[in-house]
There are 4 protein chains.
Amino acid sequence: MSDMMDTLRNEENMTPKQIEILKSAIELISEKGYYNTSTSEIAKRAGVAEGTIFRHYSTKKDLLVAIVTPVITNISAPLFATKFVDQVFHEDYNSFADLLHAFINNRFEFAQANVPLIKILLQELAFHPEIQMAYKRVFTEKVYPAFNQALDFYKQKGDLQNLPNDTIIRIVVPTILGFMMTRFILQPDKEWDDEAEIRQMIGVIMGGIGAGS
Amino acid sequence: MSDMMDTLRNEENMTPKQIEILKSAIELISEKGYYNTSTSEIAKRAGVAEGTIFRHYSTKKDLLVAIVTPVITNISAPLFATKFVDQVFHEDYNSFADLLHAFINNRFEFAQANVPLIKILLQELAFHPEIQMAYKRVFTEKVYPAFNQALDFYKQKGDLQNLPNDTIIRIVVPTILGFMMTRFILQPDKEWDDEAEIRQMIGVIMGGIGAGS
Amino acid sequence: MSDMMDTLRNEENMTPKQIEILKSAIELISEKGYYNTSTSEIAKRAGVAEGTIFRHYSTKKDLLVAIVTPVITNISAPLFATKFVDQVFHEDYNSFADLLHAFINNRFEFAQANVPLIKILLQELAFHPEIQMAYKRVFTEKVYPAFNQALDFYKQKGDLQNLPNDTIIRIVVPTILGFMMTRFILQPDKEWDDEAEIRQMIGVIMGGIGAGS
Amino acid sequence: MSDMMDTLRNEENMTPKQIEILKSAIELISEKGYYNTSTSEIAKRAGVAEGTIFRHYSTKKDLLVAIVTPVITNISAPLFATKFVDQVFHEDYNSFADLLHAFINNRFEFAQANVPLIKILLQELAFHPEIQMAYKRVFTEKVYPAFNQALDFYKQKGDLQNLPNDTIIRIVVPTILGFMMTRFILQPDKEWDDEAEIRQMIGVIMGGIGAGS
DNA sequence: TATGAATGAGCTTTCATTCAT
DNA sequence: GATGAATGAAAGCTCATTCAT
């Protein structure tokens, strides 16, 4: 749980009660959904009075946004972290496959540490325009450009077929997402050989978009 | 809309009011979600008294299930229709790529005609165990076996690499789903060259899993 | 059941549907009470459309009154039947104890044949002014005078102590009612030696109010 | 009313609103019955929002049970209070008639102070299994054994005829109940000479079951 | 800052009653 | 007469939010 709280915690300090509220809200909402979770339930599990929730989050939806927004930011963080971009362009990765491997491993660990948060994000994205906004902004301003840059770079390098970037993205992203959803949400209890799965997936992806094919 | 009602209508007749109720429920729920749509709203839009809804669907959730269950069945219908299986095994399709093409085209048209229904299915799947049950049953009993059969067949024929079926499915299905979601839900207003998109997608998929690579 | 319908049937003929409605209403209301029984349930059990009930009884309460009013009349019928009064005054019964015995036996059989109807009467008496009216009228106009007449007669004859009639009634009536309620409603399944019970009860009553004591 | 609230109040404190709710519920339900009294009416009379009722009693039926259960307990309280039993066996009462007199006086006062509560109990007993349960438990575990003990004691002492206890109880209890119902519910407005009535009633009862007869 | 009783609008659901067929 | 779809008022209940303490 501490990892997950790292994802959420901003620079300012939170009171212990506020942390309890967030934890409880995350547990309950990820289990039962936003509309099936009442503030009184959250308060009870957090060991806090119902009014206390509204001292910290003036609205139930505010509480949801406070949970979900940092996830959106963090999910895509490495993609636009200066460090990452630098690594790519300073050829820390010899090939697109290497980059993909590093990227997937990194995001895999993040997902593993934040399953409940990601569940909430996926489930509620459809219903809350506020969240959709945040998501779209991050995607178009950060993720998409970073992706494009990287793809252009490795195309130039001869690692990739000359497909439109959009097409490549539409292959790569759902494949990764699909794997993660299956891995963590649909069949979390299956025995997975994660490393093998990832290698295989990359093999197939590169078979589809790599230059050699 | 008439197409969509075909997806829902059973053999027996519905009263005009019942059809109106279904239509209104579909519109509203697909726009705003199940929990943000009240039965009084549905009644108002359907031009019907609120009690009339409960004469036909004894529960609000019953109404949802009546909307969503036929979609689950129809989404996967061609996969387990005798006709389809026959076609596959009587070599109506010379290659897995051909099969894929026919399949995607067919499902693309279905999706196009049923966007609101599919939106509802995707959005509510997470929260209603009844729906999850129906989905799981159809998937494990129908879709998955049909897929396996087809994959085995074309593997034997030498069309496909010798990857585990599960891995192939985990590549192919999310890729197709991802495309459709982008096409019909995330960016429905973008100008799409559907035929080209599909061809490209198949190219990449076959690059990843086809025998030639 | 045929006996019970005798209690209800007036001179005019009823259609078979109407009889079915009455039967079903009696069963359901005596089991679950008036407010827990819906007209649609009654219709279903009667094998009749809901509207048909309202063709015969313009109101749900009308139906109840149609069930309960004849019971009130019949419960007390023997008390004011000319025949009964005649018997009393022509000394068909040698003693008040004899009269009591005949009376209790008679009412016992009536109760036995009409348990559901009596249950309904007892349960709903409290809530429906219409029923209370009917009950009060019958009691003050018929039962009470007949009782007084008989008591005066047997007092004069020296069978009874010189207690106020009201006091005697307040001993006799609740004792009989209490026995019947215990016998038919509270503990209907206990094995009863009815004849012995009745004899004992009369013994005690006469011990309390009879002249010998 | 304060007396009545004593019957209901548990050791813990109630908020003033909760007291108002109870009072209003008792008034309305005893006048019109449970099913004819809506929670909104209760709220209005109590000067409280409807939601407030459900904060204190999670169900309308819970409210009813909260009203009725303490009555059941208190109605029979003296019968199984150690003090009462002691009194009986330490011959505080010289005869069964004395005991009866003390007992009736005591219960008469209780009834007088709790008419609405008792009305509710009598009226709703028929329809609510929860209440029936509570009633049966108290009767078989407390009232019945205490009665038996007392009857055996005074039989041995030669005060009572050798009738079966059950028969005695079936005479005594309905007679007392019948008197109280007539006195407080059926004809509360008649001018009563209570002391005389009670004396007379005891006379008759003892005439019926006493040893001298 | 924290509490939790109180609020009241809004929800789903029930059901006696009506009426066109 | 009989039907049963339709009605709509009213019910019990939920819950995010407020506010005096």
Side-chain angles (χ1 to χ4, degrees), chain A residues 15-18 21 34-44 46-64, chain B residues 14-18 20-21 35-44 46-63, chain C residues 15-18 21 34-44 46-63, chain D residues 14-18 20-21 34-44 46-63:
Chain A
T15 69
K17 303 236 169 195
Q18 196 170 356
I21 290 168
Y34 176 78
Y35 290 106
N36 287 316
T37 302
S38 67
T39 50
S40 83
E41 255 179 311
I42 295 171
K44 194 173 294 166
V48 148
E50 212 169 341
T52 308
I53 292 178
F54 291 90
R55 179 155 297 281
H56 292 291
Y57 305 96
S58 55
T59 278
K60 190 190 172 192
K61 185 155 284 180
D62 267 20
L63 172 58
L64 178 66
Chain B
M14 292 180 180
T15 71
K17 303 242 167 192
Q18 194 172 355
E20 230 36 61
I21 290 168
Y35 291 106
N36 286 316
T37 303
S38 68
T39 49
S40 84
E41 256 179 311
I42 295 171
K44 197 170 292 164
V48 149
E50 206 168 347
T52 307
I53 292 177
F54 291 92
R55 166 159 290 277
H56 293 290
Y57 305 96
S58 52
T59 279
K60 191 189 171 193
K61 184 156 284 181
D62 265 21
L63 174 58
Chain C
T15 70
K17 302 236 169 197
Q18 197 171 353
I21 290 169
Y34 177 78
Y35 290 105
N36 287 316
T37 303
S38 67
T39 50
S40 84
E41 254 179 312
I42 296 171
K44 194 173 293 164
V48 147
E50 212 170 340
T52 307
I53 292 178
F54 290 90
R55 179 154 299 281
H56 292 290
Y57 306 96
S58 54
T59 278
K60 191 191 174 190
K61 184 156 284 180
D62 267 19
L63 174 58
Chain D
M14 293 179 180
T15 71
K17 303 240 167 195
Q18 194 171 356
E20 231 34 63
I21 290 168
Y34 176 78
Y35 290 107
N36 287 315
T37 303
S38 68
T39 50
S40 85
E41 258 178 309
I42 296 171
K44 198 170 292 165
V48 148
E50 205 170 345
T52 307
I53 293 178
F54 291 93
R55 166 160 289 278
H56 292 290
Y57 305 96
S58 54
T59 279
K60 192 190 169 191
K61 184 156 284 181
D62 265 21
L63 173 59

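Predicted model only: the values in this text are computed from it and were never measured. Note on naming: letters A, B, ... go to the chains in the order of the sequence lines (proteins, then strands), and numbering restarts at 1 for each one.
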(request) Supply the atom-to-atom distance A:F54 CZ to A:T39 OG1, rounded to the nearest 0.5 angstrom. (result) 4.5 Å
(message) On a heavy-atom basis, which atom in B:A43 and which in B:I53 lie closest, and how many Å separate them?
(response) N-CD1, 3.7 Å
(request) Take atom CG of A:L64 and atom P of F:dT17, then tell me their distance rounded to the nearest Å. (result) 12 Å
(message) Check whether B:T15 reaches the backbone of B:Q18 with its side chain - one donor and one acceptor, N or O, closer than 3.5 Å.
(response) yes
(message) Applying side chain to side chain donor-acceptor pair (under 3.5 Å) to A:E50 and A:S40, what does each step give before you reach the verdict?
(response) CA-CA 6 Å; A:E50 212 169 341; A:S40 83; 4.7 Å; no
(request) Grab the NZ-C1' distance between D:K17 and F:dA20 for me, whole Å please. (result) 12 Å
(message) Using whole Å, what does the distance between atom P of nucleotide F:dA6 and atom CD1 of B:I21 come to?
(response) 7 Å
(request) Report the distance from atom CG of A:N36 to atom P of F:dT14, rounded to the nearest whole Å. (result) 14 Å
(request) Consider the side chain of D:S38, meaning its heavy atoms from C-beta on, and name the nucleotide among E:dT7, F:dA11, F:dA6 that approaches it most closely. (result) F:dA11
(request) Return the value, rounded to whole Å, for the distance between atom CD1 of D:I42 and atom C1' of E:dA6. (result) 17 Å
(message) In this structure, how many angstroms lie between the P atom of F:dG4 and the CE atom of B:M14, rounded?
(response) 20 Å
(message) Counting neighbours of NZ on A:K44 that are heavy atoms of other residues, nucleotides or ligands and sit closer than 6.0 Å, is the number greater than 12?
(response) no
(message) A side-chain contact here means heavy atoms from C-beta on lying under 4.5 Å apart; do A:I42 and A:L63 qualify?
(response) yes
(request) Using heavy atoms to find the nearest nucleotide of DNA chain F for B:Q18 and A:T37 separately, return the residue whose nucleotide is more 5′. (result) B:Q18
(request) Side-chain contact test, heavy atoms from C-beta onward, threshold under 4.5 Å: evaluate it for A:L64 versus A:K60 and give yes or no. (result) no
(request) Compare every heavy atom of D:N36 with every heavy atom of D:E41, then report the nearest pair and how far apart it is. (result) OE1-O, 3.6 Å
(request) Look at the side-chain N and O atoms of C:T52 and state whether any lies under 4.0 Å from the OP1 or OP2 oxygen of F:dT3. (result) yes
(message) Just the rounded figure in Å: distance from C1' of E:dT14 to OH of C:Y35.
(response) 15 Å
(request) Side chain of B:E50 only, please: which of F:dA6, F:dG8, E:dT12 is the nearest? (result) E:dT12
(message) Without decimals, in angstroms, what is the distance between B:E41 CD and E:dT12 C1'?
(response) 14 Å
(request) State the dot-bracket string of DNA chain F. Criteria: Watson-Crick or G-U wobble, both atom distances under 3.5 angstrom; notation: ( ) intrastrand, [ ] crossing earlier pairs, | interstrand, . unpaired. (result) .||||||||||||||||||||
(message) Looking at E:dC15, I'd like to know if its phosphate oxygens (OP1 or OP2) sit under 4.0 Å from a side-chain N or O belonging to C:T39.
(response) no
(message) With the threshold set at under 4.0 Å for non-hydrogen atoms, list the residues of residues 53-62 of chain B touching DNA chain E in residue-number order.
(response) B:F54, B:T59, B:K60
(request) Look at the side chain of B:A49 and decide which nucleotide, out of F:dG8, F:dG4, E:dA5, has an atom nearest to it. (result) F:dG8
(request) Please answer whether the main-chain N or O of B:D62 pairs with a side-chain N or O of B:T59 as donor and acceptor at a distance below 3.5 Å. (result) no
